[in-house]
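See structure below.
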Amino acid sequence: MNTVDLTINGKLVQAEKGSTIMEVALANGIKIPHLCYKKGLSIAGSCRVCMVKIKDRPGMEAACTTEVVEGMKVITSDEEIDEARKLIVELILSEHKHDCLVCESNGQCELQNLAYELGIERIRFPVGKSVESTEDSSQVILKDSNKCILCGRCVRACAEITVQRVLNFADRGSGTFLISGLDQPLVDTDCVSCGACIQACPTGALTEKLARFQGRSWEFRKVQTTCPYCGVGCQIELNIRNNRIVKVYGVEEGPENKGYLCVKGRFGLDYVHHKDRLTTPLIKHNGKFEEASWDEALNLVATKFKELKDKYSSDALAGLSSAKCTNEENYLFQKFIRICFGTNNVDHCARLCHASTVAGLARAFGSGAMTNSIWDFEKADVILVTGSNTTENHPVIGSYFKHLAAYNGTKLIVVDPRAIELTEYAEIWLRQKSGTDVAWINGLMNVIINEGFYNKEFIRNRTENFDEFRKVVSKYTPGKVEKITGIPEEKLIAAARMYGKADRGSIVFAMGITQHTTGTDNVLSLANLAMLCGNVGREGTGVNPLRGQNNVQGACDLGALPNVFPGYQKVSEPQVRENFETTWGVRLPPKEGLTVVEIIDAASKGEIKGLYIMGENPMLSDPNLNHVREGLENLDFLVVQDIFLTETAELADVVLPGVSFAEKEGTFTNTCRRIQLLHKAIPPIGKSRDDWKIIMEIGKIMGYPMAYHSPREIMDEIASLTPIYGGVHFDRLGGQGLQWPCPSREHPGTPYLHKDKFTRGKGLFTPVDYIPPAELPDEEYPFLLSTGRVLYHFHTGSLSRRSKPLDSIAPEGFLEISPQDAEKLRIKNNDWVRVSSRRGKLKVKVKITHDVDKGVVFMTFHFVESAANLLTNDALDPVAKIPEYKVTAVKIERI
Amino acid sequence: MKLRNKEKDVIALLRKAQRANKHNYITEYKLKLIAQEAGLSYSEVYGVATFYSLFSLKPRGEYVIRVCDSGPCHLMGSKSIFKVLEKELKIKVGETTADGKFTIEEVSCLGICNEAPAMMINEKVYDNLTPQKIREILRELRNKK
């Protein structure tokens, strides 16, 4: 029996064995006053407020530390217990002055609530004097020790959730106080400004610095929605006053984030109110933008596109959809391009990040998406993380990995050329040369097969083509692999044993694997590895790509791709096309369209004349920016729909102002296939309009009227045409959203894929050989440049650089270079250098660090002043057409 | 920072660091080294170092004079011990002499009650104290090289 029956205040409740009285009470709606307890953090048992009486046990015991026992009889409140609680709270209140007058937590303070509930009118002890003044060195966190009750929730949150361990207590007894680092200002410590401490704090000791004096707790209108930054899909609660987002909390019931957020989600949403927000349509006259009315702008757009279509052909037009816009908007966009333009030239930025994932996994498994869910990583014994700087790019997941390694005994194997933070938590770190991934993955499999611990049963029953594949892998001996990758033999063998012998092994990957000319091969190799060890189709296993954008998964799912309709149904298949033609009432183009980089190429060759871009910024995100500029400037007509005048929008003929995530309804699909709702929180800024409405209106003028009244209706249509979204309707998405495949209304959604069979039936082993990257360093360009991101910014920075806190923490970009190379070039920290490649050059400041290996340098692509993609290579993976952002040959000169 | 707790004896490491320092304290540099060695965060080591009164994070004298002020010693005249020391060294309890040689600290029972009043200077115990004795001890230490 795993349950226990007990009574609390006479009420019979059932509990799981091993749970505490506090947990059981909360689960059954019985309130037990407490201060140091917080769900999700370890138990302290220090405040003694939650004392309860248990029949046949002397005195009182703390509910938070006492395990339930069969037949236990608990009383949570009587005169004696309440007197004890009063005493404790009075003692707390007497430590130093607790002044509620202008406190931000006034009205939502757990200490205040408790004192009121207990009816504390006077404090019978002498009250100590005020302690030192507030600490406000951090850009976003404000500490007021006068409100601190030493509950330790912030210390535990920092240690257990983000695992930064910046906060702690110093001194002892009545002299105890909260410190950060070596009692340094918070801004000088390893604090990553995640704000978990603020959310954990029961009083006003830790609050949002920028929300100071911006509203009393009862003046905020609260709206729950989904974070617009990355693919984790954290549930956030916007606190709004006067139609401005003042502060953001993490939603405790959020399925992926459980109340936690990163610095961007918590403090980086003020871009919504930035003065640069586009408020009216703009039309370019003689090289300058002039404000225009919606009618003028929409008519011009529709007329020009129709003109170009008639003059040249449908295929002379193209559209780039937005991985930041909603599912409903992506569906409408691809529908518009296919019907009104009459071409399949529709794509979006997934091409630049996970196109190789989709191609690889679709081939190996039949489905290109993350196989498992974020929260089932805790069931894995071993997690192999490669090509993902998780703590900076998917911070909530990265923190979770750190937590599992530090507290759960989970073993991490990290494979990355850079010394990213996760390497400090890894059991084994394999440091491979950039772009040699097929070699080390084949090497792992070579060891696993040779030493015989591959999953023969799984291979026999659930896969095909093993023998062909095995022949190729046999060539990749640890010795040969060391020569190619630089990974020492013993380390490779140890890693192979660790992953291969695990009961449940999970593979996690991102750009380091996908953004190569061999990206599809890399992903196929990871799929091979997972199948080899039977690590697909069970919880805590799988092949798990971490999708970058908040809705890149959705943009792919909803067919903003040149070769598939919504639901990955192939454009080239007549039956599929007929189905869509019937529902949409038009003939549809049968030829597959061009991809993102191909569209730019075609534009520069004059083959594409008109381009409609929604929420995308190729002028910073695409490779070889000089070529991108050429292409875009060569167009006859460019329309950009966005919320800011991005670098791409500046080149447009017409700019249409869309709305931010906070101003619209709709859904996003996160990296583990979870479809979650947005809720509109504020009205559109200025004259901006919902993106889905704009698309509808242009479509109408071009002769295809669409009459949707709401995103809810659009999703109903999506459900009727898209088997994997078949059961997705807004009324079902309230609680935890739904994970596709969800083929019908009754279907509960799918936490992990390929349970008894793969989507394609049997898993396919693909023999893959190592091919080196397209452009390696040589004498003229002796350094290897890799590009990526940092925690504080997102992609092209059009949103994050317009957030005051994020911009103040990270105002500029750097070139990371090793100490040895810096010495040879005679450069110091913060010196300026010129970096050039065969395609372009730029100036940037230098940051010397041991994180990068000798001969390797690293830059982010967030900063337009040092736009890394001026240098990068637009060489593409032949199958997925994804560029090789991770390997470019550059030279560096001191300025 | 390697934040994998290696279960090292942090108190022993802190004591070692303090003893090895001429001025009987633990430097910031050493705190960071100990954090690295033990796989702890800076704040965790700081918390341990500040919890115990025998650790100091600020420089003290080469000789730390700890005078017991618990019951028996107090009855046997520890007050006059303090007076003598303060007069001779020209500093108050808790302070360090300008030449960095001596610090006076008030501590709890040293466990030498039958020989009260008593004090310790670094690791050495001095008991059955009189003003004369104290002046001699100080002279000896001052002359030491």
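Residue numbers begin at 1 in each chain, while the letters A, B, ... track the order of the sequences.
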Quiz item: Where do A:Asp171 and B:Phe51 come nearest, in terms of heavy atoms and distance?
Solution: O-CD1, 3.7 Å
Exercise. Over all heavy atoms of both residues, which pair between A:Arg172 and B:Thr50 is shortest? Give the atoms and the distance, please.
Key: NH1-O, 3.8 Å
Self-check item: Partner residues of B:Ser43 under the side-chain contact (heavy atoms from CB on, under 4.5 Å) criterion, sequence neighbours left out
Solution: A:Asn168, A:Ile179, B:Ser41
Quiz item: Take atom NZ in A:Lys847; do more than 12 heavy atoms of anything else shown fall under 6.0 Å from it?
Solution: no
Exercise. Using a cut-off of 6.0 Å, state whether more than 12 heavy atoms not belonging to B:Lys83 lie near its atom NZ.
Key: no
Quiz prompt | Heavy-atom proximity to chain B below 4.5 Å, by part of A:Ala426 | solution = backbone
Quiz item: Rounded to the nearest 0.5 Å, what separation is found between the OH atom of B:Tyr42 and the CZ atom of A:Arg165?
Solution: 13.0 Å
Quiz item: Taking atom CZ of B:Arg15 as the centre, does the number of heavy atoms from other residues, nucleotides or ligands within less than 6.0 Å exceed 12?
Solution: no
